[in-house]
2 protein chains.
Amino acid sequence: MSRSVTVYDVAARAGVSIATVSRVLRSPDAVRATTRERVREAVAELGYVPSGSARGLAERRTGVLGLYFPGFDAAEEAPDLDVFVDDPASVPTFTLAHDDGEVHPTSLFLDEVLRGAELEAWKRGFVLMIGVGRDDPDRSTVRDMAGRVDGLVVLARSVPDDVLARLSRRIPVVVLSGPPRGDDYDHVTVSNSEAMAELTRHVLAQVPEGARVAFLAGPEDSPDGGQRWEGFSQAVRAAGIGTDAVTVVRGDFTRESGRRATEGLLVGGAPDALVAANDQMALGAIDVLRDAGLRVPEDVLVTGFDGIEAAALSRPAVTTIRQPMIDLGRAAVQVLARRLEHPDAPPAVVRLPLQILLRESSQRPS
Amino acid sequence: MSRSVTVYDVAARAGVSIATVSRVLRSPDAVRATTRERVREAVAELGYVPSGSARGLAERRTGVLGLYFPGFDAAEEAPDLDVFVDDPASVPTFTLAHDDGEVHPTSLFLDEVLRGAELEAWKRGFVLMIGVGRDDPDRSTVRDMAGRVDGLVVLARSVPDDVLARLSRRIPVVVLSGPPRGDDYDHVTVSNSEAMAELTRHVLAQVPEGARVAFLAGPEDSPDGGQRWEGFSQAVRAAGIGTDAVTVVRGDFTRESGRRATEGLLVGGAPDALVAANDQMALGAIDVLRDAGLRVPEDVLVTGFDGIEAAALSRPAVTTIRQPMIDLGRAAVQVLARRLEHPDAPPAVVRLPLQILLRESSQRPS
DNA sequence: TTGAAAGCGCTAACAT
DNA sequence: ATGTTAGCGCTTTCAA
């Protein structure tokens, strides 16, 4: 591990020039079979692994694609972990705990996007670098990444506009999820509003004329939340429902906020249907409805959005709209790869279909 | 996007030498304030982003750590996704589906390890590169990675021994999860067998003398499965239970295999307690027990292993042992970072505590 | 088919 | 405080 083995070492060992070593690695057919073998042996004997940095520099491409997320953890929340305790005996081998199923509602979304991105990157011969945006004043992480990759996928709104603009002067950038704005980046997104409108129609079809309908909105500054609201309100308007029959309460996408908002809602009397802007809040709403003695779906229809696992496992199972998470990741990398091949193609906007999953919570028993 | 901006461009623009530009970026205090400002302006105006390859080459370190997994997807299973349809109208914006909660039991484990690794890497100023092992004859992905990173975390058994040996000549390698073998790598792992023994004792304490106990084992070649079996059998022996009172059936860690194995088990009569080598199989077992009219935990005690979300959400909630997944990732990166600082320290083995989560499925109502 | 040599963009002595 | 310059390890013409 002292000094790394280089082309020079391999060349010397095989009795050839470094150019030949390079050729054996990159275009083996350009080298006579016997020499090729000699070089390969030297490579194996020395345990040679080419330096990615040197390659990247010479080739002017790194073979790496980047995926940049907004923080899926609060870094400051994570207690320091220090595995190097002085007294090994002080580390228990297990701990016993009574547990009532505390479940971390962490970003399954990002996990799956990541999977899709990795798969597609691999198919195209790239490896994937990931970075997470934390409260990092100058966004040094994403800039670091930009210097090391051939292209970057960033989640919408995870990078300030000016930083993004700067990075995109060096490498192509694809913006994932979130409303395509009229910028010059490639976008990959989903049809939030259309799908929500369709789901709303499905709900409205099941409630009586003049029923009370409620919308449980997300935070004001969420573009996804905004699009979902638009889809809902459009369907409601199209159904000729007056605004007085519609109540809107707002949460912040957490289950707890769904509970609070629903409690507020119930003060004015229970609605016949409750359309939530995401699954977590829908689950929170169901908690509160149940406590209030209301049955879902018999008394109140409830729907969510996202397709998280808890929505499927909950009783009643919650009707929702699933994001094509894996495909979002795959599509983003595809778009990036295409951009690398055609730097001057016009900006692309790819819109992926959502899947509406009809489950118990939205089916009024007839 | 034509030719990238380099130090030379910045230097020219600011009217200084490239060394000064480099200094402004790396040790700003070594440069007079006015020059520093001039350089910074040039950087901003040109949108300069330093090349990671060039840096890596000059510095002899990349600032990147690698995480290599065994394939969490069957690449060949994934249908090709091609987002560039000629007729955009052919792409639906949503699809409607009735759904009964099919849940993908994918590797939550790896997702969380990844999170932990990324967090710790970030704290230490590294970025993370990830790679997935697929049926790739010459393991080119992991070798590619090895050339691009300063250190590598590999999941146990995801890389053949000879390949690993070769990579470790270039960069330090940490092996994650799985039994530490007497090799020269650093290892980070958990106390599978001790925790399983403890859980088994908990179960045995609740069944009558002479009760029938069953173990639902994992695949033969799984080291984790093996260690869990050892913990179980050791506790059973220690309790003075004869081998005739213990039945062992084997599955492959999937829910379906848990069902099949349990069906086979029931042919010989229901056991009083069923200890499964993972959660999925425990859930499958509960499916079958319920269908057979047996109640959990009243008639049969059941336990799992892993701490997946479905185990917490299922009714009855399943007693299990949770892997400290995030901490595994964090610890692996810590060990790697330490190795980078002390290349000659003796190989470390870090063993993280497991958490036994007692839930309904293993508590005989008294 | 092979070798010599010129970069690739940066860092870090060493000079000034 | 700043500039000059020699690498870092590879790829890729261009010659032989």
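Order of the sequence lines sets the chain letters (A, B, ...), proteins ahead of strands, with each chain counted from 1.
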Margin query: Check this one for me: any side-chain N or O of B:R55 less than 4.0 Å away from OP1 or OP2 of C:dT11?
Written below: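 Yes, such a contact exists.
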Under 3.5 Å, side chain of [X] to main-chain N/O of [Y], donor-acceptor pair present?
X: A:R330; Y: A:G116; value: no
X: A:T189; Y: A:G178; value: yes
X: A:Y185; Y: A:A165; value: yes

Margin query: Looking at the base of C:dC8, is there any donor atom on it, or on the side chain of B:Y8, that sits under 3.5 Å from an acceptor on the other one?
Written below: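 Per atom types, no contact qualifies.
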Report the distance from atom [atom1] of [X] to atom [atom2] of [N], rounded to the nearest whole Å.
X: A:R60; N: D:dT11; atom1: CZ; atom2: P; result: 14 Å
X: B:L57; N: D:dA6; atom1: CG; atom2: P; result: 17 Å
X: B:D9; N: C:dG9; atom1: CG; atom2: P; result: 9 Å
X: B:R61; N: C:dA12; atom1: CZ; atom2: C1'; result: 15 Å
X: B:L25; N: C:dT11; atom1: CG; atom2: P; result: 7 Å
X: A:R26; N: D:dG9; atom1: CZ; atom2: C1'; result: 13 Å
X: A:E59; N: D:dC10; atom1: CD; atom2: P; result: 12 Å

Note to self: Tell me the bend of the helix from C:dT1-D:dA16 to C:dT16-D:dA1 as the angle between end helix axes, each from five pairs, rounded to the nearest 10 degrees.
What the structure shows: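 Rounded value for the end-axis angle: 30°.
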Measure the shortest side-chain to side-chain distance between [X] and [Y] over non-hydrogen atoms and say whether it is less than 4.5 angstrom.
X: A:R40; Y: A:E37; answer: yes
X: A:D111; Y: A:M325; answer: no
X: B:P172; Y: B:D186; answer: no
X: A:V64; Y: A:F126; answer: no

Note to self: Against B:D161, only a single residue in B:R166, B:R181, B:R139 fulfils salt bridge (Lys or Arg N to Asp or Glu O under 4.0 Å); can you say which?
What the structure shows: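 Checked B:R166, B:R181, B:R139 against B:D161; only one passes salt bridge (Lys or Arg N to Asp or Glu O under 4.0 Å): B:R181.
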Item checked: Steps toward side-chain contact (heavy atoms from CB on, under 4.5 Å) verdict (A:R148, A:T62) -> CA-CA 7 Å; A:R148 295 190 239 252; A:T62 62; 5.7 Å; no
What protein N or O atoms touch nucleotides 1-4 of chain D N or O atoms at under 3.5 angstrom, if any, and at what distances?
{"unit_1": "D:dT2", "atom_1": "OP1", "unit_2": "B:T35", "atom_2": "OG1", "d": "2.6"}
{"unit_1": "D:dT2", "atom_1": "OP2", "unit_2": "B:R32", "atom_2": "N", "d": "2.8"}
{"unit_1": "D:dT2", "atom_1": "OP2", "unit_2": "B:T35", "atom_2": "OG1", "d": "3.0"}
{"unit_1": "D:dG3", "atom_1": "OP2", "unit_2": "B:S17", "atom_2": "N", "d": "2.8"}
{"unit_1": "D:dG3", "atom_1": "OP2", "unit_2": "B:S17", "atom_2": "OG", "d": "3.1"}
{"unit_1": "D:dG3", "atom_1": "OP2", "unit_2": "B:T20", "atom_2": "OG1", "d": "2.7"}
{"unit_1": "D:dG3", "atom_1": "N7", "unit_2": "B:R23", "atom_2": "NH1", "d": "3.4"}
{"unit_1": "D:dG3", "atom_1": "N7", "unit_2": "B:R23", "atom_2": "NH2", "d": "3.3"}
{"unit_1": "D:dG3", "atom_1": "O6", "unit_2": "B:R23", "atom_2": "NH2", "d": "2.3"}

Check: A:S22 near the nucleic acid: base, sugar-phosphate alone, or nothing, with a heavy-atom cut-off under 4.0 Å?
Finding: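 Here A:S22 touches the bases of the nucleic acid.
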